[in-house]
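Worksheet: one structure, shown below.
Read the numbers this way: they start at 1 and go in the same order the structure lists the ligands and their atoms. The figures here come from the full heavy-atom set of this structure, side chains too, leaving out hydrogens, waters and symmetry mates.
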Amino acid sequence: MRREHIAVLTSGGDAPGMNAAIRAVVRTAIYRNLRVSGVFHGFQGLIDGAVEELGPRSVANIIQRGGTILQTARCEPFYRPEGRALAASTLARCGIDGLVVIGGDGSFRGATLLHEEHGVPVLGIPGTIDNDIYGTDVSIGFNTAINVALEVVDRLSDTAAGSNPPLNVALGVRPRLRAPAASHNRLFLVEVMGRESGNIALYVGVAGGAEAILIPEQSLGADEVTNLVIRAKERGKSSSIVVVAEGAYEGGALALQEAIRRRCGYEVRSSILGHMQRGGSPSTRDRVLASRLGYEAVRGLLEGRSGAMVGVDKRKAVFVPLTEVRAKNKEIDWQLVEVAQVLAI
Ligand code: F6P
């Protein structure tokens, strides 16, 4: 398919690895003799005409950086027909005949409308730490976000455990098989991102050895969590970590903390990780994923693909129609939910 000039934008919540995807789009396009432009501030930049041509050096030294050099925004005017008409006219004026949209579900809604109403050739790249996009095994940013959150959970586990058994070894005493009961019964709640999706909580909870994991797809009430923690203590556990997805409990971890304290009097501490999970240098996996998807998006546009998302299915790039991506829900990994429950005994 003859294409001359494509553009790339990032939209919605930023995710670590978006810069690596921008770099891949820009360099692949130039390698394939296309002109390539960056659109600033997501769809708002299309409405405002904030478009700038990029070269291979424009994206030098960004693969390791979090955030997005193109900046991102949620754009209300774009969800009105007049906004999209303005966006389409900017593309036409700049002679842009292909658009790559890096973002999550809301961004793909905008991309789909632009494609359907104005015939703009559009391909989406999944970029969201929530990893809740149908049609791809994983989205850009998820791996970094879970690593950031896991580091915090590991640190809390250290302090939750209080004293560590290796002291016996240092003294030349045979280590006891069971650690001595700690004097406190501490419960740590860790709130991770995921207003509508429990993927981050699930992965971090399994990898961090959580006592319980609360996800929006299957939330637990305060009574259930309290019972789990009491039973854990009865089984000899001296401290517990519970991972709570942002959207899994009304009022979040702080409300849950208070509800548990009222029920059993345990000392409960909460850590709310918030937006720190979205920042920082992307992991190796996210950089590689973003590079692959950026490359494939340009290849897809050159093959005449449009109105689709490029994702990965068992390490292979796949193109899935945006209508399908938007219509279907990515199921949480229920097997992993069961694994988490079994391993918490
Ligand atoms: O990036 C996705 C996400 O992190 C969700 O998990 C969360 O609910 C939302 O973004 C919060 O984003 P903001 O507060 O920036 O709108």
Side-chain angles (χ1 to χ4, degrees), residues 9-22 41-44 65-79 101-111 124-153 189-205 213-219 243-256 270-283 285-286 289-290 293 309 311 325-326 329-333:
L9 63 82
T10 49
S11 162
D14 55 287
M18 280 185 164
N19 279 328
I22 295 166
H41 310 294
F43 290 116
Q44 186 66 50
R65 282 171 50 193
T68 153
I69 59 160
L70 295 177
Q71 301 177 321
T72 172
R74 304 191 202 274
C75 174
E76 276 313 310
F78 191 78
Y79 293 98
V101 174
I102 307 169
D105 187 56
S107 313
F108 290 168
R109 181 171 151 232
I125 292 180
T128 163
I129 63 167
D130 290 343
N131 196 26
D132 58 349
I133 309 257
Y134 177 86
T136 184
D137 289 343
V138 65
S139 58
I140 295 169
F142 177 63
N143 185 256
T144 308
I146 55 177
N147 287 341
V148 169
L150 183 61
E151 191 185 331
V152 174
V153 169
L189 304 183
V190 184
E191 184 181 302
V192 298
M193 271 191 157
R195 205 175 285 153
E196 282 154 21
S197 153
N199 283 307
I200 296 178
L202 181 58
Y203 271 69
V204 170
I213 303 169
L214 276 70
I215 54 177
E217 294 86 344
Q218 183 205 54
S219 192
V243 177
V244 187
E246 189 186 354
Y249 191 86
E250 176 96 43
L254 288 175
L256 181 61
S270 294
S271 300
I272 298 168
L273 305 196
H275 288 73
M276 79 166 77
Q277 292 157 96
R278 287 219 308 234
S281 183
S283 66
R285 266 178 192 266
D286 274 327
L289 174 69
L293 294 181
M309 175 194 79
V325 171
R326 300 220 49 250
N329 271 336
K330 182 172 184 167
E331 273 278 302
I332 194 94
D333 185 345

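A side-chain contact (heavy atoms from CB on, under 4.5 Å) with I272 holds for exactly one of L254, V244, V190, V192; it is L254.
Counting protein heavy atoms only, atom 7 (C) of ligand 1 is closest to E246 OE1, 3.4 Å. Nearest protein heavy-atom contact of atom 11 (C) of ligand 1 is R195 NH2, 3.3 Å. Remark: minimum distance from atom 5 (C) of ligand 1 to any protein heavy atom is reached at D130 OD2, 3.2 Å.
Which of R278, M193, Q277 comes nearest to atom 10 (O) of ligand 1 through a heavy atom is settled by distance: it is R278.
A donor-acceptor pair under 3.5 Å is formed between the side chain of N131 and the backbone N or O of S139.
For the pair D130/N199, no side-chain contact is recorded, criterion being any heavy-atom separation below 4.5 Å from C-beta on. Between F142 and I200 the shortest side-chain heavy-atom distance falls below 4.5 Å.
Residue contacts with ligand 1 include H275, since one or more of its heavy atoms lies under 4.0 Å from the ligand. At least one heavy atom of R74 sits closer than 4.0 Å to an atom of ligand 1.
Contact annotation for I129 and ligand 1: only side-chain heavy atoms (C-beta onward) come within less than 4.0 Å of the ligand.
Set against the non-hydrogen atoms of G194, the atoms of ligand 1 under 4.0 Å away are 6 (O).
For R326, the CZ atom is densely surrounded, since the number of other residues' heavy atoms within 6.0 Å is greater than 12.
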Full working for side-chain contact (heavy atoms from CB on, under 4.5 Å) between I129 and T144: CA-CA 8 Å; I129 63 167; T144 308; over 6 Å; no

